[in-house]
Amino acid sequence: MEERMKNINKAEVLSLKEMIAYQEGQVVSRTLAQNEAVSLTLFSFWKGEEISTHESGGDAMVQCLDGVGCITIDGVQYELHEGETIVMPARHPHAVYGKENFKMLLTVIF
């Protein structure tokens with residue numbers, strides 16, 4: 001049987017923000033699931049690091065797990081703090097920036 005989720009323990013209580021570390025000067029990612037319908041990826045951003053403007057074929061929901069990030073959608077900037085969420089609509093230009101060190105869970109629905 002094909003494993004649907006990877007890089008994550010099952011039947012265990014987990015802290016998502018503890019599953020990815022900060023690395024100085026880098027954006028780090030850890031894929032948890034990836035198929036034609038959904039993508040789940042943990043990210044950590046060192047302060048000042050970013051993913052530049054791009055578009056996605058799916059609706060992308062960012063859940064802030066730690067720190068402070070800036071999400072830009074269609075040229076409008078939103079600040080995201082721990083526990084907050086924003087959806088970046090499919091086929092709209094968006095970017096992600098670590099205003100402080102920032103961890104997020106990205107869920108993309110295609």
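- Looking at Pro93 and Asp74, their side chains come closer than 4.5 Å, going by heavy atoms from C-beta outward.
- Cluster membership for Val27 and Leu40, using ILVMFWY side-chain heavy atoms within less than 4.5 angstrom, is not shared.
- Taken to the nearest 0.5 Å, the NE2 atom of His92 stands 14.0 Å off from the OG1 atom of Thr53.
- When the side chains of ILVMFWY residues are joined at heavy-atom separations under 4.5 Å, either directly or via intervening members, Tyr97 and Val76 end up in two distinct hydrophobic clusters.
- Taking OH of Tyr78 as the reference point, atom OG1 of Thr72 lies at 9.5 Å (rounded to 0.5 Å).
- Taken together through direct or relayed side-chain contacts under 4.5 Å among Ile, Leu, Val, Met, Phe, Trp and Tyr, Met19 and Val28 form part of one hydrophobic cluster.
- In this structure, the separation between OG1 on Thr31 and CG on Leu106 is 9.5 Å, given to the nearest 0.5 Å.
- Looking at Lys103, its side chain does come within 3.5 Å of a backbone N or O of Ile20 through a donor-acceptor pair.
- Under the 3.5 Å distance criterion, the side-chain polar atoms of Asn7 are left unmatched by any main-chain donor or acceptor of Leu32.
- For the pair Ser44 (side chain) and Ala21 (backbone), a donor-acceptor distance under 3.5 Å is present.
- Here the shortest heavy-atom pairing between Ser29 and Thr41 reads CB-CG2, 3.9 Å.
- Considering Met104, Glu49, Arg30 as possible partners of Phe43, the one that fulfils the side-chain contact (heavy atoms from CB on, under 4.5 Å) test is Met104.
- Annotation: side chain of Leu65 is in contact with side chain of Leu42 (closest heavy-atom distance under 4.5 Å).
- A donor-acceptor distance shorter than 3.5 angstrom exists from the side chain of Glu84 to the backbone of His81, with no hydrogens or angles considered.
- Side chains of Thr85 and Gln63: a donor-acceptor N/O pair is absent below 3.5 angstrom, by distance only.
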Next on the checklist: Between Val38 and Thr107, does the side-chain contact (heavy atoms from CB on, under 4.5 Å) criterion hold? Intermediate values first, please.
Outcome noted: CA-CA 7 Å; Val38 67; Thr107 304; 4.3 Å; yes

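- Side-chain N or O atoms of Lys99 include none that pairs as donor or acceptor with a backbone N or O of Cys70 at under 3.5 Å.
- Under the 4.5 Å side-chain heavy-atom criterion for grouping Ile, Leu, Val, Met, Phe, Trp and Tyr, Ile71 is not connected to Leu105 through any hydrophobic cluster.
- Shown here for Cys64 and Phe102, the closest heavy-atom pair between the two residues is SG-CE1, 3.5 Å.
- Residues Ser56 and Phe110 come closest through the heavy atom pair OG-CE2, 4.3 Å.
- To the nearest 0.5 Å, the span separating CG on Asn101 from CD on Glu24 amounts to 9.5 Å.
- Formation of a donor-acceptor pair under 3.5 Å by the Asp59 side chain with backbone atoms of Pro89 is not found in this model.
- Minimum interatomic distance between Ala37 and Asn35 (heavy atoms only, all atoms of both residues): N-OD1, 2.7 Å.
- Transitive grouping of hydrophobic side chains (ILVMFWY, heavy atoms separated by less than 4.5 Å) brings Met88 and Ile51 into a common cluster.
- The aromatic rings of His54 and His94 sit perpendicular, their planes meeting at an angle over 60°, well past the 30° parallel limit.
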